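Below is one structure, written out as structure tokens; comments come after it.
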There are 2 protein chains.
Amino acid sequence: MDIDRLNWKILKCLQENARLSNAEIGRRVGVSSPAVSERIKKMEDLGLIEGYKAIVSPFEVGYQLKAIITLRAFMGKLKPFLEKVKTYDEVVNCYRITGDENIVMEVVLKNQKHLESFIDQLIIYGESKTQIVLSDVVKQKEIKSLK
Amino acid sequence: MDIDRLNWKILKCLQENARLSNAEIGRRVGVSSPAVSERIKKMEDLGLIEGYKAIVSPFEVGYQLKAIITLRAFMGKLKPFLEKVKTYDEVVNCYRITGDENIVMEVVLKNQKHLESFIDQLIIYGESKTQIVLSDVVKQKEIKSLK
DNA sequence: AATGAAATTGTATAAAT
DNA sequence: ATTTATACAATTTCATT
């Protein structure tokens, strides 16, 4: 697909605030609301826009800890883990990666006790390493046009 | 703040599709649209809802590679890096963490060449380790009520 | 804190360029 | 592919409970 300058402007608006009306986006980018609506629909249909999400603060809803946990899966345990991990409410993001560890996860937890019980769940799948997140330096940065 | 059952229902809707109208959310959760509107506004004001973002597919817009890069900063180089990293378009997420490495980043890249030049930029700040993402297992999972 | 009603604004569709 | 016109729907404000 060709993502022209206008579509990038629309994507910028939607990445900043997905709840903007088509009319408001139209005002900001200089086209009518039906034009915005059509372009958004096309980008959705093409899978370029995967969805729209409210960003909920884990801290504000009671998750006091965030951790990055890597897993080096035991023989034959990677596939079962890939299924199981989808069921964990604590796992916000999970990637399969190259290298010594097979998995890296971003996890939200209530407290130390919760962290302990979460890590305990992992021992049947492999060796885990946990690093506590001290601060978010960059958070869900907008995807920009590559030059 | 008290997040009652109704607010969690609203948060669930907004995490699934942030562009749902208040009227539609109201229909789904069983209240009027002004009630939805007021509750959302309050959750925004309290910082419980941090914003609404369109999820753009990095792959579909031309970023063929995703990587997890950790950085062990040189003495006196962590602070400068924390500022610099905000300016990198490639860095989607960046966390300061405990442990041997100081930083973990999720990075999107066009190709190997782009990866190489990105890593080259890091050498003045510290020692980096790169792991290529093979697949997204869990992607921006919804934050749920803790029991 | 939620509803119902009125005014404003936004959306969706179709016709035209 | 975008605009304008129009009918329908949603949002906002406010009075009411």
Side-chain angles (χ1 to χ4, degrees), chain A residues 1-63 140 142-147, chain B residues 1-63 140 142-147:
Chain A
M1 191 212 181
D2 66 316
I3 313 172
D4 60 13
R5 208 175 250 115
L6 182 52
N7 274 346
W8 273 113
K9 283 185 188 174
I10 293 169
L11 286 177
K12 185 170 191 295
C13 291
L14 289 172
Q15 289 185 89
E16 279 169 19
N17 180 4
R19 276 176 77 77
L20 288 176
S21 69
N22 296 339
E24 178 56 27
I25 294 167
R27 265 175 240 122
R28 294 185 186 189
V29 306
V31 288
S32 66
S33 76
V36 173
S37 173
E38 272 224 347
R39 279 169 172 266
I40 290 175
K41 195 180 178 322
K42 195 170 260 173
M43 290 192 283
E44 288 169 355
D45 292 345
L46 288 167
L48 214 144
I49 296 173
E50 295 180 336
Y52 307 94
K53 297 204 173 171
I55 309 304
V56 174
S57 166
F59 183 81
E60 292 295 330
V61 304
Y63 292 99
Q140 286 294 115
E142 160 196 356
I143 300 282
K144 285 189 186 159
S145 171
L146 26 74
K147 285 107 211 173
Chain B
M1 192 212 182
D2 65 316
I3 313 174
D4 59 14
R5 209 177 247 114
L6 182 53
N7 273 347
W8 273 113
K9 284 186 188 172
I10 294 170
L11 286 177
K12 186 171 191 294
C13 290
L14 288 173
Q15 288 186 90
E16 279 169 21
N17 180 4
R19 274 176 78 79
L20 287 177
S21 69
N22 296 338
E24 178 56 28
I25 295 167
R27 267 174 236 123
R28 294 186 187 189
V29 307
V31 289
S32 66
S33 76
V36 172
S37 174
E38 270 217 48
R39 279 170 171 266
I40 290 176
K41 195 179 177 324
K42 195 171 261 175
M43 291 193 283
E44 289 169 354
D45 291 345
L46 288 168
L48 214 145
I49 297 174
E50 296 181 335
Y52 308 95
K53 297 204 174 173
I55 308 303
V56 173
S57 166
F59 184 81
E60 292 295 330
V61 303
Y63 293 98
Q140 284 296 114
E142 164 197 352
I143 300 283
K144 284 188 187 158
S145 172
L146 24 75
K147 283 109 210 167

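Each chain gets a letter, A, B and so on, in the order its sequence line appears, and its residues count up from 1. These numbers were taken from a predicted model, which means no experiment stands behind them.
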Take atom NZ of B/K41 and atom P of D/dT11, then tell me their distance rounded to the nearest Å.
16 Å
Euclidean distance, A/Q140 CD relative to A/K53 NZ, rounded to 0.5 Å:
9.0 Å
Per the end-axis method with five pairs at each terminus, what is the bend angle of the helix from C/dA1-D/dT17 to C/dT17-D/dA1, to 10°?
30°
How long is the span from the NZ atom in B/K12 to the CZ atom in B/R28, to the nearest 0.5 Å?
9.5 Å
How many Å lie between CZ on B/R5 and P on C/dA2, as a whole number?
15 Å
To the nearest 0.5 Å, atom OG of A/S145 lies from atom CG of A/N7 at 11.0 Å
Could you tell me the separation between the CG atom of A/L20 and the C1' atom of C/dT11, rounded to a whole number of Å?
15 Å
How many whole angstroms separate atom CD1 of A/I25 from atom C1' of D/dT2?
17 Å
Pairs under 3.5 Å (N/O, protein and nucleotides 8-10 of chain C):
residue	atom	partner	partner atom	Å
C/dG10	OP1	A/R27	NH2	3.0
C/dG10	OP2	A/R27	NH2	2.6

Rounded distance in Å - CE (A/M43) to P (D/dA1)
13 Å
Can you give me the N/O atom pairs linking the protein to nucleotides 13-17 of chain D at distances under 3.5 Å, or say none if there are none?
none

Got a donor-acceptor contact below 3.5 angstrom from the B/R27 side chain to the B/S33 backbone?
no
Check: A/R19 side chain, B/L20 main-chain N or O, donor-acceptor pair, under 3.5 Å
yes
Do B/K41 and B/E38 meet the salt-bridge criterion of a basic N to acidic O distance under 4.0 Å?
no
Here the gap from B/K144 atom NZ to A/Y63 atom OH, rounded to the nearest 0.5 Å, amounts to 9.0 Å
dist B/L6:CG -> B/L11:CG (nearest 0.5 Å) comes out at 10.0 Å
Under 4.5 Å between any side-chain heavy atoms of A/E24 and A/N17, yes or no?
no
Expressed as a whole number of angstroms, how long is the span from B/R39:CZ to D/dT11:P?
17 Å
Separation of atom CD1 in B/I40 from atom P in D/dT11, rounded to whole Å
9 Å
Short side-chain N/O contact to C/dA1 OP1/OP2 from B/K42, under 4.0 Å
yes
What's the verdict on side chain to side chain contact (heavy atoms under 4.5 Å, CB included) for A/E60 and B/L46, showing C-alpha distance, side-chain angles and the deciding distance?
CA-CA 8 Å; A/E60 292 295 330; B/L46 288 168; 5.7 Å; no
Heavy-atom check, side chain of B/V31 versus side chain of B/R39, under 4.5 Å
no
